[in-house]
Protein chains: 2
Amino acid sequence: MTKAADAGRRERKSDKTRRRILDAAADLLNRKGFDGTRLSEIATLAELRVPAIYYYFDSREAILEEVVNIGDRLAHENVTRRLAELSPAASALDRICTAFAAHLEMVLMESAYTAAAMRTMGQLPADMRARQLERQRASGRMWRELIQAGVEAGEIDPGLDPRAARMFLLGAVNWASEWWNPERGSLKEILATAQRLIRNALAGPLLASRPATTAPPAAALSPVFTPPAI
Amino acid sequence: MTKAADAGRRERKSDKTRRRILDAAADLLNRKGFDGTRLSEIATLAELRVPAIYYYFDSREAILEEVVNIGDRLAHENVTRRLAELSPAASALDRICTAFAAHLEMVLMESAYTAAAMRTMGQLPADMRARQLERQRASGRMWRELIQAGVEAGEIDPGLDPRAARMFLLGAVNWASEWWNPERGSLKEILATAQRLIRNALAGPLLASRPATTAPPAAALSPVFTPPAI
DNA sequence: GTCTATAGTTTGATAGAC
DNA sequence: GTCTATCAAACTATAGAC
């Protein structure tokens, strides 16, 4: 087996170390914020010394930018994947709930990359933040179009401002990593609650005339999550 | 007029300077997080030099702890005040919506203290965090009881986990300072959207049988907010 | 009350041995 | 690839003049 053929299924030692550094940085970004994430702590968590980090990354900021970049991409990929898995018969509201649940799934999952990307947005240095905004343009458009489709289909409470509703709900899911503890309830349970809450919130009084969905979106999230390769 | 009698209505110069330092720290806590809030930047924003800060505070952490302390207190006071203003005829759901709106009001208002307290919770050093949790015990109980009352009154969708619903919605309002811009819509508008979203979310299918509230909670928030004295 | 000057740490980053 | 040793810069905090 050639090295190239091998690359897909087994990481080289070098890649593993690089990955350990990124994992450590993602974890610290969540707990301490952008400025609180120190190289010395990254090194300790990754089980090596500070200078060894510079073999893999040019600077502290380069590590943190890669974490944020990966986190944004994982979220976007998971949302589009879950949407693609959805039955074509799914309603606009089904699609919206599925998208939020897929986003929440990444925020809460094992790799803290997405949570780190969301939680530290406002703390990034100006140049990093500008590049992140540029990368997030597709995601932003996707979210706006999802909600807009619901409005046009008459599935969303017309008493809501679409932009504010979207941002409030994204805030709800982005903040979840702050309080959710897998020991107090499974991922499946929290995703089900989130979807129910979001469906209620957006449909409002319209919910009565649209009692049950053909395919409960919670089911669309089974089987158990498989983390996408980074 | 004695100094003591004067204290209530007009701040002494010393108090004003102290206040400027706290304002600067609250602002920076929101933008840069706990570790990113530097004494040098606080001093610049407060328009004095770093050593002058030590005339008012024992340490950097003492400033930040006071900001967080004030922020928590302002939120709790505003919520209890808005609830007290509410008609005794208000439903459990009215009370819940009013409470969330009052909390959101503080997160978005001029003084960034509450937003700072909420956003940096997870970044506080262990001892500060422990003291904050101790102070927040009353608020925590209040929120749990508010939701519980709604459940017992049969006004909340039984398909929701009360704790998760509470935390999701608190996250939604705590995160709002990240994206809300007063230039894109008034405070009143955003509070109205938030209340509608929260009412929808919690009532869900029950909303149909409980079409309109006697007194719209948005009205309960007028007249215009007056910031409580710090 | 506020300042200049400065001490003592800690940080991000580099040099160079192995 | 990873280390020890080290540097320049930035940080919190203090001393002491005014």
Side-chain angles (χ1 to χ4, degrees), chain A residues 3 6-7 10-29 31-68 116 120 123-129, chain B residues 3 6-7 10-29 31-68 116 120 123-129:
Chain A
K3 254 192 182 176
D6 187 44
R10 199 148 56 118
E11 281 180 322
R12 276 178 260 89
K13 184 199 165 202
S14 160
D15 291 337
K16 266 190 185 159
T17 307
R18 189 185 157 84
R19 171 76 172 257
R20 277 208 323 275
I21 294 169
L22 290 170
D23 283 349
D27 180 32
L28 286 165
L29 272 177
R31 282 159 38 202
K32 313 265 186 125
F34 186 86
D35 287 275
T37 298
R38 302 272 140 85
L39 275 179
S40 58
E41 285 194 86
I42 295 176
T44 305
L45 272 181
E47 293 181 295
L48 36 70
R49 312 288 158 153
V50 171
I53 293 178
Y54 285 91
Y55 176 80
Y56 298 93
F57 296 92
D58 285 343
S59 67
R60 169 181 171 277
E61 290 209 358
I63 307 172
L64 304 189
E65 179 148 11
E66 185 155 335
V67 168
V68 169
T120 58
Q123 295 174 15
L124 304 184
D127 55 335
M128 270 188 65
R129 176 66 182 138
Chain B
K3 253 190 181 176
D6 187 45
R10 200 148 55 117
E11 280 180 324
R12 278 181 257 91
K13 185 200 164 202
S14 160
D15 291 338
K16 266 189 184 158
T17 308
R18 188 185 157 84
R19 171 76 171 259
R20 279 209 320 278
I21 295 168
L22 290 170
D23 284 348
D27 180 33
L28 286 165
L29 270 177
R31 284 160 37 203
K32 313 264 186 125
F34 186 88
D35 287 275
T37 298
R38 300 273 141 83
L39 276 179
S40 59
E41 284 194 88
I42 294 176
T44 305
L45 273 181
E47 293 181 295
L48 36 69
R49 311 290 159 146
V50 170
I53 293 179
Y54 285 91
Y55 176 79
Y56 298 93
F57 296 92
D58 285 343
S59 69
R60 169 182 171 277
E61 290 209 358
I63 308 171
L64 305 189
E65 178 148 10
E66 184 155 337
V67 168
V68 169
T120 57
Q123 294 174 17
L124 304 184
D127 54 336
M128 271 188 63
R129 177 64 183 138

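Residue numbers start from 1 in every chain, and the chains themselves are labelled A, B, ... in the order their sequence lines are given, proteins ahead of strands.
For the residue pair B/F34 and B/Q123, the shortest heavy atom distance occurs at N-OE1, 2.8 Å. Here the shortest heavy-atom pairing between A/L39 and A/I63 reads CD2-CD1, 3.8 Å.
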(request) Quick one: do A/L22 and A/Y56 satisfy side chain to side chain contact (heavy atoms under 4.5 Å, CB included)? Show the steps, please. (result) CA-CA 10 Å; A/L22 290 170; A/Y56 298 93; over 6 Å; no

(message) Quick one, A/F57 with A/I42, criterion side chain to side chain contact (heavy atoms under 4.5 Å, CB included). Give me CA distance, side-chain angles, the key distance, then yes/no.
(response) CA-CA 12 Å; A/F57 296 92; A/I42 295 176; over 6 Å; no

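Listed by first and then second residue, the side-chain hydrogen bond (donor to acceptor under 3.5 Å, both in side chains) pairs involving residues 31-42 of chain A are A/D27-A/R31, A/K32-A/E41 (not counting sequence neighbours). For the salt bridge (charged side-chain N to carboxylate O under 4.0 Å, His left out) condition, the pairs that include at least one residue of residues 48-67 of chain B, sequence neighbours left out, are B/R18-B/E66, B/E65-B/R131, B/E65-B/R135.
With rounding to whole Å, A/K16 atom NZ is found 13 Å from D/dT2 atom P. Distance CD1 (A/I53) to P (C/dT14): 13 Å, rounded to an integer number of Å.
Taken residue by residue, residues 54-64 of chain B places heavy atoms nearer than 4.0 Å to DNA chain D at B/Y54, B/S59, B/R60. Listed in residue order, the members of residues 31-51 of chain B having a heavy atom less than 4.0 Å from DNA chain C are B/L48, B/R49, B/P51.
For the side-chain contact (heavy atoms from CB on, under 4.5 Å) test, residues two or more places apart in sequence or in another chain that qualify with A/A46 are A/R20, A/I21, A/A24, A/L48. Taking the side-chain hydrogen bond (donor to acceptor under 3.5 Å, both in side chains) definition, one finds that A/R129 meets it with A/Q132, sequence neighbours left out.
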